[in-house]
Asker: 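The structure under discussion is supplied below as structure tokens; questions concerning it will follow.
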Number of protein chains: 2
Amino acid sequence: MKDQPWWYGRLKESGARLTEPREIVLEILRSAREHLTATDIYIQAHRMKPSIGLTTVYRTLELLIKLGIVQKFELGEGKARFELVDKPGGEGHHHLVCLKCRKIIDYSDISNDEKEFLSRVEDRLKKKYDFKILDHLMWFYGVCRECRGS
Amino acid sequence: MKDQPWWYGRLKESGARLTEPREIVLEILRSAREHLTATDIYIQAHRMKPSIGLTTVYRTLELLIKLGIVQKFELGEGKARFELVDKPGGEGHHHLVCLKCRKIIDYSDISNDEKEFLSRVEDRLKKKYDFKILDHLMWFYGVCRECRGS
DNA sequence: GTATTTGCAAACTGTTTGCCTGGGC
DNA sequence: GCCCAGGCAAACAGTTTGCAAATAC
């Protein structure tokens, strides 16, 4: 009771049971440094408890998304990625895409300038469109040095 | 010659042939100016020329993406959406997505604040990663009023 | 004329569903 | 003990691939 993760209460109050597979999936998401695919999670979960199936991973993620504990992303790879909503300093992360070689650079070293700007924009959007902004993603498209060289 | 669409030259210089299916797909994208799925495009294309197959739509989109004429998005629906890249020198536009109902709002009324900020970031990225930035896209994720209400 | 592009069908991949068993409370 | 939750296999949906025929240049 003293040191339960923040999502514990949300699971409980929703009436969902706290099962071992769910704890394992949450633990994997908590310790993950980046966005994992369902299969990534399944592989790790399977190592921890071989009886866990891929279906359970999907159903657990679906539940966690519905409860607002997990967020789902797709980055154009044809498969989804998942992360805990509670990401520390959750400014989201940005992508730099080369239009020629399709290389993607993730960068998350967000400056104060960016933080301030984003909170201003989110404020504006909230007022104008009455959206409660939870996250954002920025994509920059360009041509990397190698591709410019050729 | 005087009034070709901006992407015409890019197709030509890539060595790709200007075929009827490609023209049709581009025309659909141009007049839609929205986020169409491959199937949406296929249905429209099929109406204009019934012999066009879904495969051709996918292959055409793949080519156009590689040439930087089209951008691909995935919004967690399990299928991709496609959009013509903004004309070079254009204003760009941003997206507001409701995480519950998946409604998308495009907004392009970009403030000076935003313009200045974006040019600062692009500058930073250019210096840091040596990318020549051509375009950017911002996505904001949130919950719209209707979905918050329920 | 020749290499690229197309269209069909079949293969693949990620995700979801049906159904029965197992486990949390 | 009652049901929710899990596991397997099969179904599904979107996308990709192999190959022969059509077509741009």
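All chains are named by letter (A, B, ...) in the order of the sequence lines, taking the proteins before the strands, and each is independently numbered beginning at 1. On a predicted model such as this, the values are computed, not experimentally measured, just so you know. For the numbers below, each heavy atom of this structure counts, side chains included, while hydrogens, waters and symmetry mates do not.
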Asker: For DNA chain C, what residues of residues 51-59 of chain A have any heavy atom nearer than 4.0 Å?
Answerer: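 Those residues are A:L54, A:T55, A:Y58, A:R59.
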Asker: Just by modelled atom types, is the B:L18 backbone N or O under 3.5 Å from a matching donor or acceptor in the B:E23 side chain?
Answerer: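 Here the side-chain-to-backbone pair does not exist.
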Asker: Roughly how far apart are A:K79 NZ and A:T37 OG1, rounded to 0.5 Å?
Answerer: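 It is 5.5 Å, given to the nearest 0.5 Å.
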Asker: NE2/A:H46 to OG1/A:T56 distance, rounded to the nearest 0.5 angstrom?
Answerer: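 A:H46 atom NE2 to A:T56 atom OG1 measures 11.0 Å (nearest 0.5 Å).
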Asker: Give the minimum heavy-atom separation between A:G78 and B:E74, together with the two atoms involved.
Answerer: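 Minimum heavy-atom contact is N-OE2, 3.0 Å.
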Asker: Whole angstroms only, please: what is the CG-P distance between A:L64 and D:dG6?
Answerer: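 Whole-Å distance recorded here is 10 Å.
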Asker: With a 4.5 Å cut-off on side-chain heavy atoms, are B:L26 and B:I69 touching?
Answerer: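 Yes, side chains in contact.
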Asker: Looking at A:T19, I'd like to know whether one of its side-chain N or O atoms comes within less than 4.0 Å of OP1 or OP2 on D:dC4.
Answerer: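 Checking D:dC4 against A:T19, no side-chain N or O comes under 4.0 Å of OP1 or OP2.
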Asker: For DNA chain D, whose closest nucleotide is more 5', that of A:P21 or that of B:L18?
Answerer: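 So the residue in question is A:P21.
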Asker: Rounded at 0.5 Å granularity, tell me how far CZ in A:F140 sits from CG in B:L118.
Answerer: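 If we round to the nearest 0.5 Å, A:F140:CZ and B:L118:CG are 5.5 Å apart.
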Asker: Among B:V25, B:L36, B:I65, exactly one meets side-chain contact (heavy atoms from CB on, under 4.5 Å) together with B:F82. Which residue is that?
Answerer: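 The residue from B:V25, B:L36, B:I65 that satisfies side-chain contact (heavy atoms from CB on, under 4.5 Å) with B:F82 turns out to be B:I65.
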Asker: Nearest-Å distance, CG (B:L11) to C1' (D:dC25)?
Answerer: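 After rounding, the reported distance stands at 15 Å.
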Asker: Considering just the side-chain nitrogens and oxygens of B:K12, establish if one lies under 4.0 Å of OP1 or OP2 belonging to D:dC25.
Answerer: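 Yes.
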Asker: Using a heavy-atom cut-off of 4.0 Å to chain B, what are the terminal contacting nucleotides of DNA chain C, in 5' to 3' order?
Answerer: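 Going 5' to 3' along DNA chain C, contacts run C:dA3 to C:dA9.
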Asker: Classify the angle between the aromatic ring planes of B:H95 and B:W139 as parallel (below 30°), tilted (30 to 60°) or perpendicular (above 60°).
Answerer: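 Ring orientation of B:H95 relative to B:W139: parallel.
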Asker: How many angstroms lie between CZ in B:R81 and CZ in B:F73, if you round to the nearest 0.5 Å?
Answerer: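 Rounded to the nearest 0.5 Å, the CZ-CZ separation comes to 11.0 Å.
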Asker: Starting from C1' on D:dT16, measure out to NZ on B:K79 and report it in whole angstrom.
Answerer: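 Taking atom C1' of D:dT16 as the reference, NZ of B:K79 is at 18 Å.
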Asker: Mind calculating the distance between CZ (A:R22) and C1' (D:dG6) to the nearest angstrom?
Answerer: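 A:R22 atom CZ is separated from D:dG6 atom C1' by 9 Å.
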Asker: So which of residues 38-49 of chain A are in contact with DNA chain C, with a heavy-atom cut-off of under 4.0 Å?
Answerer: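 Residues of residues 38-49 of chain A that come under 4.0 Å of DNA chain C are, in numerical order, A:A38.
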Asker: Return the 5'-most residue of the pair B:G78, B:E62 with respect to DNA chain D, ranking by each residue's nearest nucleotide.
Answerer: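 Of the two residues, B:G78 wins.
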Asker: Determine the minimum heavy-atom distance between A:P21 and A:I52, stating which atoms define it.
Answerer: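 Here A:P21 and A:I52 meet closest at CA-CD1, 3.9 Å.
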Asker: Under the 3.5 angstrom rule, does the side chain of B:D123 hit a backbone N or O of B:R120 as a donor-acceptor pair?
Answerer: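 Side chain of B:D123 to backbone of B:R120: no pair is present.
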